[in-house]
2 protein chains.
Amino acid sequence: MAERDLEATERQRSGHSANVDCASDAETRASAMTGDEADLGAIDDIIGFHIRLAHGATYRHFTETFSELGLTQKMVSVLWLIDDHPHIAQADIGRRLQMDRATTMAIINRLEARSLLVRGASTLDRRRQTLTLTATGHEALIEARRCIDEHEQWVRSRFTKREATLLIELLRRIHE
Amino acid sequence: MAERDLEATERQRSGHSANVDCASDAETRASAMTGDEADLGAIDDIIGFHIRLAHGATYRHFTETFSELGLTQKMVSVLWLIDDHPHIAQADIGRRLQMDRATTMAIINRLEARSLLVRGASTLDRRRQTLTLTATGHEALIEARRCIDEHEQWVRSRFTKREATLLIELLRRIHE
DNA sequence: CAGATTTGTATGCTATGCTTACGAAATCGG
DNA sequence: CCGATTTCGTAAGCATAGCATACAAATCTG
């Protein structure tokens with residue numbers, strides 16, 4: 001399904017004859033020094049860098065798992081949140097998921113366009129609009145939860161229960 | 001600089017009089033049950049969810065730190081990598097940073113447009129193009145490293161040295 | 001040599017996220 | 001109670017990022 005260059009495991013370039021045309025040693029090194037794992041140099045010690053890679057890997061697997069459902073991480077999070085808190089307002093969702101108001105709206109729009117939720121007027125605050133899942137939305141969420149379980153299993157397979165808890169704990173310190 | 005709704009701390013809605021117009025209890029609950037921290041319900045146990053939030057928080061702080069330099073995480077990573085491995089090829093960069101070839105090119109293009117690097121023909125493999133930092137690019141990287149230190153400090157401030165090492169270790173298991 | 005693979009490239013689509021701006025509604029301070 | 005401030009939803013525009021697909025040239029493999 002995905003060409004994804006990334007899958008390609010690093011094949012080691014076989015030793016090159018030393019007297020080609022005498023390309024700069026640097027160039028030789030640059031392409032030859034790929035052992036089992038890519039040498040990342042000093043960025044390897046930057047936490048943010050690893051977060052980004054881990055996020056990318058997680059995102060990729062998520063997308064794959066959800067390709068049939070056609071839902072993204074954000075969409076599922078929003079559906080989930082609305083299900084947990086019926087009649088929640090956009091602003092609340094944004095706050096909880098740490099998204100901009102505009103970004104939140106974009107997602108809600110897409111969700112609404114697919115009839116997974118409905119906007120309704122709030123009786124408490126007429127600035128607000130209460131968001132509620134439709135039957136379809138509820139079904140989609142149930143389906144999504146199944147996929148999430150599978151996805152979460154993929155992530156957790158590399159950790160003990162203790163490690164998983166610890167990881168969440170550490171990550172929470174960053175975003176909370 | 002940033003309006004960012006996210007900054008807004010959750011102010012608790014003062015208790016509502018019980019006999020307004022009798023809005024559904026659900027709606028009341030949805031907006032009222034925001035204590036000190038947003039209640040996220042069950043998604044709170046999903047590792048991927050926390051990775052995403054942590055990534056978002058990190059990304060935001062990074063962007064802020066680099067707003068003057070006008071560089072993104074990806075750009076810096078690429079510059080850094082080229083500096084560590086002069087004459088590296090695009091494909092290698094993509095593999096190491098786990099990016100698509102097309103995505104990699106987009107970034108290289110932007111970097112080249114800003115004269116931070118130059119593409120040159122490879123003497124070893126004429127399909128490849130060796131990438132090298134310009135003087136400007138090198139300066140930018142030096143400047144960037146200063147910002148990264150600051151950024152990394154922001155992240156690390158919430159961890160002990162041991163925890164930081166552990167966190168990287170755990171994250172590595174996900175993306176490696 | 002012929003076929004498969006790799007590399008760089010171009011094009012186009014989608015999702016995300018931010019900014020700025022606006023109007024309507026609510027809240028706050030006097 | 002009224003004016004100032006804030007919140008909420010919305011809209012339009014811009015940049016980044018990521019993916020798929022397709023091509024041509026170069027290289028590798030059998």
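Letters go in sequence order (proteins before strands), and every chain restarts at 1.
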For a quick test of reading the model: is some side-chain N or O of [X] closer than 4.0 Å to OP1 or OP2 of [N]?
X	N	result
A/T72	C/dT16	yes
A/R110	C/dT16	yes
B/Q98	D/dG18	no
A/R95	D/dC8	yes
A/Q90	D/dT10	yes
A/R119	D/dT10	yes
B/R101	C/dT7	no
A/R127	C/dG23	no
A/R126	D/dT7	no

- Query: End-to-end bend of the helix from C/dC1-D/dG30 to C/dG30-D/dC1 (five-pair axes, 10° rounding)?
  - Reply: 50°

- Query: With sugar-phosphate meaning primed atoms plus P, OP1 and OP2, does B/T103 contact a base, only sugar-phosphate, or nothing at under 4.0 Å between heavy atoms?
  - Reply: base

Measure [atom1]/[X] against [atom2]/[N] and give the value in whole Å, please.
X	N	atom1	atom2	result
B/N109	C/dT11	CG	P	11 Å
A/K74	D/dA17	NZ	P	16 Å
A/I88	D/dC8	CD1	P	12 Å
A/D100	D/dA12	CG	C1'	14 Å
B/L97	D/dA17	CG	P	12 Å
B/L71	D/dT16	CG	P	10 Å
B/I108	D/dT16	CD1	P	15 Å
B/H61	C/dG17	NE2	P	18 Å

- Most 5' of B/M105 and A/G70 on DNA chain C, judged by nearest nucleotide: B/M105

- Query: Is there a side-chain contact between A/H50 and A/D44, using heavy atoms and a 4.5 Å cut-off?
  - Reply: yes

- Message: Quick check: do B/I107 and B/M99 have side-chain heavy atoms less than 4.5 Å from each other?
- Response: yes

- Query: With B/F66, which residues qualify under ring pair (Phe, Tyr, Trp, His ring centres under 6.0 Å), at least two apart?
  - Reply: B/F62

- Run through A/V76, A/L81, A/I82 and flag the one making a side-chain contact (heavy atoms from CB on, under 4.5 Å) with A/V78. A/I82

- Can we say B/R95 and B/D92 salt-bridge, meaning some charged N sits less than 4.0 Å from an Asp/Glu carboxylate O? yes

- Query: Ion pair present between B/D83 and B/R145, side-chain N to carboxylate O less than 4.0 angstrom?
  - Reply: yes

- Task: Mind listing the closest non-hydrogen atom pair of A/G70 and A/R114 along with its distance?
- Result: O-NH1, 2.8 Å

- Item | Base C/dT7 to side chain B/R128, donor-acceptor N/O within 3.5 Å cut-off | no

- Report the residue (A/Q129 or A/R52) whose heavy-atom-nearest nucleotide on DNA chain D is the more 5′ of the two. A/Q129

- Item | From C/dC18, D/dA17, D/dG9, nucleotide with atom closest to A/A102 side chain | C/dC18

- Item | From C/dG17, C/dG8, C/dA25, nucleotide with atom closest to B/A91 side chain | C/dG8

- Item | A/R52 and B/S77: side chain donor to acceptor below 3.5 Å | yes

